[in-house]
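Note sheet for the following structure.
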Amino acid sequence: MELPAVCLGPFGCNLLFCVRPHNYSHKKYSRNGIAFKYIDGPKYIESGKEHSSTSVRGTIYCSNQQEKNVGLPSDHIPVSAKVVYAAAPAMSHNQESHPECNSRVTAILTALEKMKLTSKFRGLDVVEIQNFRPATTDDIGSVHAMPYISGLEKAMDQASEKGLIFIDGSGPTYATATTFQESLLAAGAGISLVDSVVAASKVSKDPPVAFALIRPPGHHAIPKGAMGFCVFGNIAIAARYAQRMHGLKRVFIIDFDVHHGNGTNDAFYEDPDIFFLSTHQAGSYPGTGKIDQIGCGRGEGSTLNLPLPGGSGDTAMRTVFDEVIVPCAQRFKPDIILVSAGIFRYDAHLLDPLASFQFTTGTYYMLASKIKQLAKDLCGGRCVFFLEGGYNLSSLSNSVVESFRAFLGERSLAAELDDPSYLHEEPLNKVKQLIEKVKHIHSF
């Protein structure tokens with residue numbers, strides 16, 4: 001039974017929270033670092049300096065407490081690391097039977113452990129950052145309106161009392177008593193990974209690829225509020241942080257989602273220093289991302305939207321990558337590449353219930369490899385991936401596992417995971433026509 005809408009203070013954003021009683025339970029989540037000893041004294045990075053040690057944690061703890069007028073946070077990343085990741089599963093931000101539930105990140109972590117792709121099995125090749133700080137309200141305020149941030153924080157009292165609240169007109173996007181803090185933690189994970197990649201790139205020409213395994217997702221969250229399961233724009237917040245704290249002026253954002261990343265789009269629509277490129281299914285939620293939406297003012301031309309026809313798959317994405325993404329990135333000359341979400345949102349997988357693209361696990365391996373190389377060619381290897389969606393737990397986990405394999409330079413196991421009998425002919429003529437149109441619009 002839905003209770004009357006509750007107005008929670010002066011939002012300034014015309015947001016209402018509809019409160020429904022809801023009883024739910026959540027599982028406990030904990031991860032312990034595993035100690036490893038290395039007799040030959042492996043090297044690690046601390047604040048851009050190289051050191052040696054005879055005993056190194058298999059899991060590196062990131063202590064990046066940020067204070068005013070204090071230097072950049074200190075990170076400890078092994079020089080040999082190939083993948084760095086941080087997990088923020090938001091276990092208490094959960095609604096049972098909702099597609100964006102707390103099983104998503106834990107399913108990925110379980111799969112990584114099962115396939116021996118964690119530091120427990122890979123030593124310093126794969127590093128998990130733990131104990132990272134939550135994002136501050138100033139971090140969030142670099143993208144979102146302060147009335148929305150303060151209003152959401154105040155709404156936690158209502159969520160605690162009622163069990164669940166829904167943000168009116170948001171998709172719906174739900175919130176529990178811990179949503180505000182867990183959303184800060186998700187954004188903080190992305191920020192910490194930016195720190196890690198930047199620190200590693202100062203001492204290595206081949207820094208690790210970073211992967212934020214986080215929820216709630218973010219790319220639908222507009223500057224004035226939540227939307228489409230998304231609370232804070234994690235990738236947008238990380239982009240502003242990279243500019244502000246690391247002086248990485250030019251940020252290239254790739255969004256491979258079946259849905260248009262309208263929140264990221266809106267945050268940077270007038271910004272010439274952030275290039276936002278989104279491929280998404282034409283006509284899908286939220287109905288934005290038309291091909292002629294290219295930015296405005298000083299930002300005109302720094303937004304590229306490519307709505308692809310349903311049924312697009314591996315061949316379409318290979319073509320788009322080579323003919324659209326690469327030339328755009330080469331022309332833009334980024335200082336860092338951010339990818340939404342965690343390579344591209346995994347809800348484009350052919351088994352996902354909210355998609356009608358036919359991407360396979362092999363598609364994600366291919367794109368992960370190509371994006372890693374693109375970052376190496378253009379911006380010193382600085383690249384961070386952000387998990388957004390993906391609601392079939394099996395395909396989601398397999399795709400992330402294949403992405404890790406690509407980052408590690410190992411062969412794909414997609415042939416053992418994908419069933420080609422599911423596939424049908426791709427609409428390649430339509431895809432080619434769209435590519436030619438976007439090339440004409442953007443003059444390349």
Atom pair [atom1] ([X]) and [atom2] ([Y]), whose distance is rounded to the nearest 0.5 Å:
X: Leu306; Y: Ile435; atom1: CG; atom2: CD1; answer: 6.5 Å
X: Lys372; Y: Lys376; atom1: NZ; atom2: NZ; answer: 7.0 Å
X: Ser192; Y: Gln130; atom1: OG; atom2: CD; answer: 12.0 Å
X: Met115; Y: Glu402; atom1: CE; atom2: CD; answer: 8.0 Å
X: Cys328; Y: Phe321; atom1: SG; atom2: CZ; answer: 11.0 Å
X: Arg382; Y: Leu338; atom1: CZ; atom2: CG; answer: 11.0 Å

Would you call [X] and [Y] a salt bridge, using N to O less than 4.0 angstrom?
X: Arg122; Y: Glu410; answer: yes
X: Lys370; Y: Asp377; answer: no
X: Arg240; Y: Asp271; answer: yes
X: Arg104; Y: Glu100; answer: yes

Decide yes or no on side chain to side chain donor-acceptor pair (under 3.5 Å) for His219 and Asp255, but give the supporting numbers first. CA-CA 9 Å; His219 80 156; Asp255 189 325; 2.7 Å; yes
Would you call [X] and [Y] a side-chain contact if the rule is heavy atoms closer than 4.5 Å?
X: Tyr269; Y: Thr303; answer: yes
X: Val384; Y: Val339; answer: no
X: Phe211; Y: Val209; answer: no
X: Arg244; Y: Tyr241; answer: yes
X: Lys224; Y: Tyr148; answer: no
X: Asp273; Y: Val251; answer: no
X: Val431; Y: Pro309; answer: yes
X: Phe232; Y: Leu152; answer: yes

Report the C-alpha distance between Val127 and Val83 in whole Å, list the side-chain angles of each, state the deciding distance to 0.1 Å, and finish with yes or no for side chain to side chain contact (heavy atoms under 4.5 Å, CB included). CA-CA 6 Å; Val127 176; Val83 181; over 6 Å; no
Return the minimal non-hydrogen interatomic distance between [X] and [Y], and the atom names on each side.
X: Phe121; Y: Lys116; answer: CD1-CA, 3.4 Å
X: Leu428; Y: Ala316; answer: CD2-N, 4.0 Å
X: Ala242; Y: Val194; answer: CB-CG1, 4.1 Å
X: Asp266; Y: Ile222; answer: OD2-CG2, 3.9 Å
X: Gly313; Y: Phe359; answer: CA-CD1, 3.7 Å
X: Ala406; Y: Ala368; answer: CB-CB, 3.7 Å

Residue from Thr279, Ile291, Ile254, Val324 passing side chain to side chain contact (heavy atoms under 4.5 Å, CB included) with Leu304: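 When side chain to side chain contact (heavy atoms under 4.5 Å, CB included) is applied between Leu304 and each of Thr279, Ile291, Ile254, Val324, only Val324 qualifies.
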Could you check His280, Gln293, Lys290 and say which one makes a side chain to side chain contact (heavy atoms under 4.5 Å, CB included) with Pro307?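 Single pass found, and it is His280.
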Pair [X]-[Y], side-chain donor/acceptor within less than 3.5 Å:
X: Ser119; Y: Glu128; answer: no
X: Asn102; Y: His93; answer: no
X: Asp195; Y: His246; answer: yes

Looking only at atom types and distance, does a side-chain atom of [X] sit under 3.5 Å from a main-chain N or O of [Y], one as donor and one as acceptor?
X: Thr176; Y: Ser92; value: yes
X: Ser204; Y: Ala200; value: no
X: Gln358; Y: Leu423; value: no
X: Ser395; Y: Asn392; value: yes
X: Ser312; Y: Leu308; value: no
X: Gln281; Y: His259; value: no
X: Arg215; Y: Ala90; value: yes
X: Ser284; Y: Val258; value: yes

Step-by-step salt bridge (Lys or Arg N to Asp or Glu O under 4.0 Å) determination, Arg133 to Asp139: CA-CA 12 Å; Arg133 70 166 177 86; Asp139 293 327; 3.0 Å; yes
Determine, for Tyr365 and Arg405, whether the Lys NZ or Arg CZ falls below 6.0 Å from the six-membered ring centre while staying within 45 degrees of the axis.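 So Arg405 doesn't make the cation-pi contact.
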Heavy-atom count around Arg298 CZ within 6.0 Å, excluding the residue itself: above 12?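 No.
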Could you check Phe256 against Leu277 for side chain to side chain contact (heavy atoms under 4.5 Å, CB included), going step by step and ending with a plain yes or no? CA-CA 9 Å; Phe256 283 96; Leu277 191 156; 5.9 Å; no
Between [X] and [Y], does the ring centre distance come in under 6.0 Å?
X: Phe385; Y: Phe407; result: yes
X: Tyr285; Y: His220; result: yes
X: Phe252; Y: Phe275; result: yes

Tell me, with the steps shown, if Asn398 and Thr361 meet side chain to side chain donor-acceptor pair (under 3.5 Å). CA-CA 7 Å; Asn398 288 338; Thr361 307; 5.2 Å; no
Side chain to side chain contact (heavy atoms under 4.5 Å, CB included) between Phe404 and Ile108, intermediate numbers included: CA-CA 11 Å; Phe404 268 55; Ile108 294 170; over 6 Å; no
Please evaluate residues Thr360 and Thr363 with respect to the criterion side chain to side chain donor-acceptor pair (under 3.5 Å), reporting the C-alpha separation (whole Å), side-chain torsions for both, the decisive distance (0.1 Å), and the verdict. CA-CA 5 Å; Thr360 66; Thr363 308; 3.3 Å; yes
Glu113 vs Thr118, side chain to side chain donor-acceptor pair (under 3.5 Å): CA-CA, chis, key distance, verdict: CA-CA 6 Å; Glu113 190 81 6; Thr118 64; 3.2 Å; yes
Can you sort out the partners of Glu323 under salt bridge (Lys or Arg N to Asp or Glu O under 4.0 Å), two or more places apart, ordered by chain and number?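 Listed in chain order: Lys439.
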One pair to check against side chain to side chain contact (heavy atoms under 4.5 Å, CB included): Phe229 and Glu388. What are the steps and the verdict? CA-CA 10 Å; Phe229 309 165; Glu388 298 277 5; over 6 Å; no
